[in-house]
Each structure stands twice: as C-alpha cells, then as structure tokens.
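The chains referred to below are lettered A, B, ... by the order of the sequence lines, with proteins before strands, and numbering in each begins at 1.
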Amino acid sequence: MRAPASEAELLGRARAIAGGTLAELADSLGLPLPGDPRRAKGWAGQLVETALGAPSAGEPGPDFPGLGIELKTIPVTPAGRPRESTWVCIAPMEDLTGLHWERSLVRAKLARVLWVPTVDGTDGGFQSRRIGAPLLWSPSPEEEAVIRADWEEFIEDIALGRIHTITGRRGTALQLRPKAANARERNWTTDEDGGRTLANPRGFYLRASFTAALLARHFGALRPAAGGPPGTGGETVGARVSATGRDTPG
DNA sequence: GACTGATCATAG
DNA sequence: CTATGATCAGTC
C-alpha cells in the first residue's frame, strides 16, 4: 500500500480500520496471527503500521516521514485506561554536552503522534482486541512543558554521570527505564568523574497516567464516581475509543 | 491494580 | 548489531 499523502488521508485510513479486531485486520492483509502472546510484543504496532501504509517499517525516523507523524498503538481497557506505558525512544548516554530540548529525539518523536488504541477483548487475548478511534495529537504547551522538564532532569543526570541513580519512579510524564534485550547489556556512558563507564541501556517512556489524561482530554472525561452531577459525565473514554471513530471529535 | 525493571520479535 | 515495535511478569 502506498504511503498516505496527507494527514487527512492517514486519519481516514485509521478510521476505516477502527471497530474491527486485530485478527480481522491481519486476515484482511493476509498476515498470519502470532502464536504465543508472550512472543508477540510489537505485533499490534507493526500490523497497524502495515495497514495504514507506513513506508519504512523498521527504519529510524517517523513512521510517516513525508508527514512527520509517529504512529503509536496503545493498549487500553474497555474503560479507556492505558494498560501500559508508551515507548518513545532510546536515551542518549554519551556526548550530551550541548544537547538541547529543541533538538531532542523525544521532542521530535512526540511532535505529531497518531494514537491508535487497541481495546481489550472479552477473552483477554490479543486477537480479540479491537481497534479504537484514532487520535492525531500534538502536545499542548502545558503537556510539552511537563515532558520537557522531565527530559531536562534526566539529561542533566546522565550528563553528570548519575544514570545509575535514575529509576522508573522519577518523572511526571516521562520515565527513564531499561531498554535492552536483557539486563546484561551494556552501553558506554559518563561516570561522575567525566570518564567512561558501562551501564544498562535506557529509553524514554510516557507514563500510562499521562497518556490516560491525554486520551481523556480528547475523547471526553472519565465518568465521575457515583454521586457526581447528573448529565455531566457523558460517555466513558472506553466507549469513545471503542467507537469506530465516526462520532468522535477531532 | 498500578508500576517498575526485564524481556521478546523482526527488519535492515 | 542497532533501531523499532511494544508487552511481560514480579513486586509494591
């Protein structure tokens, strides 16, 4: 399939596949279903990439280079709550001097994102997961400020040789967590004396709480607890993201 | 149930 | 071997 020529065309394609299951989508493309779910990490993302015509699967840079858009599938519960954090990009561990937010990989990756929720099915398996309404998103000034503050804190610590002090607990929107084939992998990084040392490779992730707020803001607020004002709750996020996309704002 | 640290598949 | 795609699974 050729790459979409515009944001509108990409969004149209994403809306067209919304409402179906991942298994149905794979069938329609003539692609096999994976066996063991534990060995199918990444399958949903690659399937949706193919379905939407991403031209350069597996290559560096945005999924849709001509449009500057990054595609992210995000697993959500029927209530619309993301089940996982979202992978962003690898963290630089060496040569950080002069690195600035404006030229960072995190900012570039998150500048324009097409979120495609995959909603849990009843049987818990990935095949029954349904594609939800897509959301074409750019960070609001407030969202970007939060991400930037986290990023700058992490980068400063890495540059000062303190990567070993960073855990997944840090960060409001962004996390720095291991990103490697296993815990024995090592990359060069700076130590506290400015020399070189080895550490486990890390990557940036968006917290589920951050993506939950992002989805809620665009698809509607989460239903208030019982006792809330009548008529103000509206649909749950799950109802919205589970929809085909024809009724959603945006 | 949420969260963190660890891990798995594929393309090039 | 690296980069991209994420989810697993044990712990809190």
Taking for each residue the nucleotide of DNA chain B with the nearest heavy atom, is it A/Pro178 or A/Gln46 whose nucleotide lies nearer the 5' end?
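In this pair, the answer is A/Pro178.
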Ignoring backbone atoms, establish whether [X] has a side-chain N or O less than 4.0 Å from OP1 or OP2 of [N].
{"X": "A/Lys41", "N": "B/dT7", "value": "no"}
{"X": "A/Arg129", "N": "C/dT7", "value": "yes"}
{"X": "A/Thr86", "N": "C/dA6", "value": "no"}
{"X": "A/Arg177", "N": "B/dG5", "value": "no"}
{"X": "A/Arg83", "N": "B/dA2", "value": "no"}

Between the main-chain N or O of [Y] and the side-chain N or O of [X], is there a donor-acceptor pair closer than 3.5 Å?
{"X": "A/Asp63", "Y": "A/Leu71", "answer": "yes"}
{"X": "A/Arg202", "Y": "A/Asn200", "answer": "yes"}
{"X": "A/Thr50", "Y": "A/Gln46", "answer": "yes"}
{"X": "A/Thr190", "Y": "A/Leu160", "answer": "no"}

Picking from B/dT4, B/dT7, C/dG5, which would you name as closest to the side chain of A/Glu84?
B/dT4
As a test of reading the structure: which of B/dT7, B/dG5, C/dA6 is closest to the side chain of A/Thr167, going by heavy atoms?
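Out of B/dT7, B/dG5, C/dA6, the nucleotide with an atom closest to A/Thr167's side chain is B/dG5.
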Just how far is it from atom CH2 of A/Trp87 to atom NZ of A/Lys109, taken to the nearest 0.5 Å?
8.0 Å
Mind checking the CD-CG spacing from A/Glu7 to A/Leu11? Nearest 0.5 Å is all I need.
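Interatomic distance, A/Glu7 CD to A/Leu11 CG, rounded to 0.5 Å: 8.0 Å.
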Base, sugar-phosphate, or nothing: which does [X] touch, judged by heavy atoms less than 4.0 Å apart?
{"X": "A/Ala208", "answer": "nothing"}
{"X": "A/Glu70", "answer": "sugar-phosphate"}
{"X": "A/Ala183", "answer": "sugar-phosphate"}
{"X": "A/Pro34", "answer": "nothing"}
{"X": "A/Ser209", "answer": "nothing"}

Give a yes or no on this: more than 12 heavy atoms of other residues, nucleotides or ligands lie within 6.0 Å of atom CZ of A/Arg39.
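Count not over threshold, so no.
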Any donor-acceptor pair under 3.5 Å joining the side chain of A/Lys179 to the base of C/dG5?
yes
Less than 3.5 Å between a donor and an acceptor, one on the side chain of A/Gln175 and one on the base of B/dC3, is that the case here?
no
Let me know, please, whether A/Gly42 or A/Arg39 comes out on the 5' side of the other along DNA chain C by nearest nucleotide.
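Of the two residues, A/Gly42 wins.
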Taking N or O atoms only and anything under 3.5 Å, show me the protein contacts with nucleotides 10-12 of chain C, one pair per line.
none

